[in-house]
J.: 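Structure provided below as structure tokens; questions to follow.
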Amino acid sequence: MQLVHSGKVRDVYADGADLILVTSDRVSVYDVVLPTPIPDKGAVLTQLSLWWFEQLADVIPNHVISTDVPEQWAGRAIRCRRLEMLPVEFIARGYLTGLGLAEYQKQGTVSGVKLPDGLVEADQLPEPIFTPTTKATEGHDAFISFDDVAAEIGWDTATYLRETTLEIYRRGSELAAQRGIIIADTKLEFGRAADGSLVLADEVLTPDSSRFWPAVQYQPGRAQESLDKQFLRDWSATLTDWDRTPPGPEIPADVVTATRERYLDAYERITGRPWQG
């Protein structure tokens, strides 16, 4: 098999007409891959994505063909369709946090969506909003408006994918809420198949692509406890001797353990299945 692409977390191999999407245990913060892996992370992201793809199969087709992959990647890889990936990060937000909070504090909007005055960190929004960003190959993604997306991929496609993104977020949020987890926001990726159809791809509703908050600890006006990568971001923000450029710092063993436990907790709560490793 030929290595087609190696990203911060995933490696993509060509296998005949198919692609093999392999999710590693690598972890990045501030777009920098850190030298310390998080054990089981790749398998958790893969298994949780597969579970969500099944739950959402009636909303939009996905790229999964099977889990028939080489043995060395079993549990952490997906055999999937080749797609022409769209150059947009499709993001839905139900709560005000992260870069969305920073954007709101500067100008009262996120991706051109006007929000009510006086919101504080972690406030639930009146309704979920669509806040797309660019998909930067280098540097950081930047907020764009719906009109920007429409100019890039066409009005009809942009409208359909905005509604699909919001529907996936609503469906995911409702299911996770039954299991004691608030999904504050999530990022999705879509591609176009050879026949022109639109397809959900990459990962879906994972601790890497979403913010998961334990509902029992939710309290607006402050940073939330998390079951996602935010824990690692918060740790890295305490480092005074790292300027957020490569090379990244080693992650201490206790932080590795705590991060892994959060990923496993999210998987088990959402799926209702014990982690088998």
Side-chain angles (χ1 to χ4, degrees), residues 6-11 22-49 52 75-76 89 91 93 95-103 121-122 133 135-136 138-141 172 176 180-189 202-219 222-271 275 277:
S6 184
K8 291 191 291 289
V9 174
R10 289 175 176 79
D11 298 320
V22 183
T23 307
S24 74
D25 289 340
R26 298 191 297 267
V27 65
S28 68
V29 292
Y30 308 119
D31 295 316
V32 176
V33 177
L34 303 185
T36 315
I38 305 297
D40 289 321
K41 175 177 175 284
V44 169
L45 298 184
T46 298
Q47 296 305 315
L48 185 55
S49 288
W52 279 116
R76 65 172 58 247
E89 301 280 10
I91 298 172
R93 298 177 187 273
Y95 293 76
L96 192 60
T97 188
L99 294 177
L101 172 64
E103 188 79 358
E121 180 172 5
T133 70
K135 188 187 290 185
E138 294 183 4
H140 302 293
D141 298 336
I181 290 179
I182 293 169
I183 302 181
D185 54 35
T186 197
K187 176 175 66 176
L188 303 170
E189 293 196 39
D202 197 50
E203 62 182 323
V204 58
L205 295 167
T206 72
D208 264 18
S209 66
S210 315
R211 284 185 173 86
F212 294 152
W213 297 339
V216 294
Q217 295 166 292
Y218 172 65
Q219 183 179 342
R222 61 167 177 82
Q224 305 300 302
E225 297 296 323
S226 67
L227 298 175
D228 55 61
K229 197 168 74 169
Q230 189 61 43
F231 175 79
L232 202 60
R233 295 189 192 101
D234 292 344
W235 162 77
S236 67
T238 66
L239 303 177
T240 58
D241 57 351
W242 182 47
D243 62 0
R244 300 184 181 181
T245 61
E250 292 281 355
I251 308 173
D254 61 328
V255 176
V256 169
T257 298
T259 302
R260 178 181 180 274
E261 288 175 349
R262 282 163 169 77
Y263 276 64
L264 297 186
D265 193 3
Y267 172 87
E268 292 184 339
R269 290 200 202 191
I270 290 172
T271 66
W275 177 248

J.: Within the structure provided, determine whether T271 and Q47 are in side-chain contact (heavy-atom separation under 4.5 Å).
T.: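 Not in contact.
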
J.: Which atoms form the tightest heavy-atom contact between V9 and S24, and what is the distance?
T.: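 Taking V9 first and S24 second, the nearest heavy atoms are O-OG, 2.7 Å.
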
J.: Taking all non-hydrogen atoms of both residues into account, name the closest pair between G172 and I183 and its distance.
T.: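 What the structure gives for the nearest pair is O-CD1, 3.6 Å.
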
J.: Any side-chain to backbone donor/acceptor pair from S210 onto T186? Under 3.5 Å, distance only.
T.: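 No; zero donor-acceptor contacts below 3.5 Å.
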
J.: If you look at every heavy atom in K41 and Y263, which pair is closest and at what distance?
T.: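 Scanning both residues completely, I find the closest heavy atoms to be CE-OH, 3.7 Å.
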
J.: Looking at T23, is its backbone amide N or carbonyl O close enough to the side chain of R76 to form a donor-acceptor pair, meaning the two atoms are under 3.5 Å apart?
T.: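 The answer is yes, because a donor-acceptor pair under 3.5 Å joins these two groups.
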
J.: Run the side chain to side chain donor-acceptor pair (under 3.5 Å) test on E250 and T36 for me, step by step, so that the C-alpha distance in whole Å, both residues' side-chain angles and the decisive distance to 0.1 Å come before the verdict.
T.: CA-CA 6 Å; E250 292 281 355; T36 315; 2.5 Å; yes

J.: Could you grab the distance from atom CG of L205 to atom CD of E203, nearest 0.5 Å is fine?
T.: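 Going from CG on L205 over to CD on E203, the span is 9.5 Å.
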
J.: So, the side chain of S236 versus the backbone of R233: is there a donor-acceptor pair under 3.5 Å, distance only?
T.: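 The answer is yes, because a donor-acceptor pair under 3.5 Å joins these two groups.
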
J.: Is the backbone N or O of D208 less than 3.5 Å from a side-chain atom of T206, with the two atoms forming a donor-acceptor pair by type?
T.: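 A pair under 3.5 Å: yes.
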
J.: Report yes or no: does R26 contribute a side-chain atom to a donor-acceptor pair with the main-chain N or O of G7 at less than 3.5 Å?
T.: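 It does hold such a pair.
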
J.: Any idea which heavy atoms bring F212 and L48 closest together, and the distance?
T.: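 Answer, listing the atom of F212 first, then L48: CE1-CD2, 4.4 Å.
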
J.: Between atom CG of D185 and atom CD1 of I91, what is the distance when rounded to the nearest 0.5 Å?
T.: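 Here the interatomic distance stands at 7.5 Å.
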
J.: Answer whether the closest heavy-atom distance between the side chains of R244 and V32 falls below 4.5 Å.
T.: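 They are not in side-chain contact.
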
J.: Using salt bridge (charged side-chain N to carboxylate O under 4.0 Å, His left out), reason through R260 and D25 one step at a time and then give a plain yes or no.
T.: CA-CA 10 Å; R260 178 181 180 274; D25 289 340; over 6 Å; no

J.: Restricting to non-hydrogen atoms, name the atom on P35 and the atom on P249 that form the minimum distance, rounded to 0.1 Å.
T.: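 That closest heavy-atom pairing would be CD-O, 3.2 Å.
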
J.: Quick check against the 3.5 Å criterion: does Q217 have a side-chain atom that pairs as donor or acceptor with the backbone of Q224?
T.: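 Checking the backbone N and O of Q224 against the side chain of Q217, no donor-acceptor pair under 3.5 Å is found.
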
J.: Donor-acceptor pair, distance only, cut-off 3.5 Å: does the side chain of S6 make one with the backbone of D11?
T.: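 Side chain of S6 to backbone of D11: no pair is present.
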
J.: Please evaluate residues T245 and D243 with respect to the criterion side chain to side chain donor-acceptor pair (under 3.5 Å), reporting the C-alpha separation (whole Å), side-chain torsions for both, the decisive distance (0.1 Å), and the verdict.
T.: CA-CA 6 Å; T245 61; D243 62 0; 2.5 Å; yes

J.: Take R262 and L232, measure what side-chain contact (heavy atoms from CB on, under 4.5 Å) needs, and give me the verdict at the end.
T.: CA-CA 10 Å; R262 282 163 169 77; L232 202 60; over 6 Å; no

J.: For the residue pair T238 and W235, what are the closest heavy atoms and their distance?
T.: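 Taking T238 first and W235 second, the nearest heavy atoms are OG1-O, 2.5 Å.
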
J.: With a 4.5 Å limit on heavy-atom distance, are the side chains of V27 and I251 in contact?
T.: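 Heavy-atom side-chain distance check passes, below 4.5 Å.
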
J.: Mind checking whether W242 and Y30 have parallel, tilted or perpendicular rings, split at 30° and 60°?
T.: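 Ring orientation of W242 relative to Y30: tilted.
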
J.: Answer yes when R211 and D228 have at least one side-chain N-carboxylate O distance shorter than 4.0 Å, and no when they do not.
T.: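 D228 and R211: not salt-bridged.
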
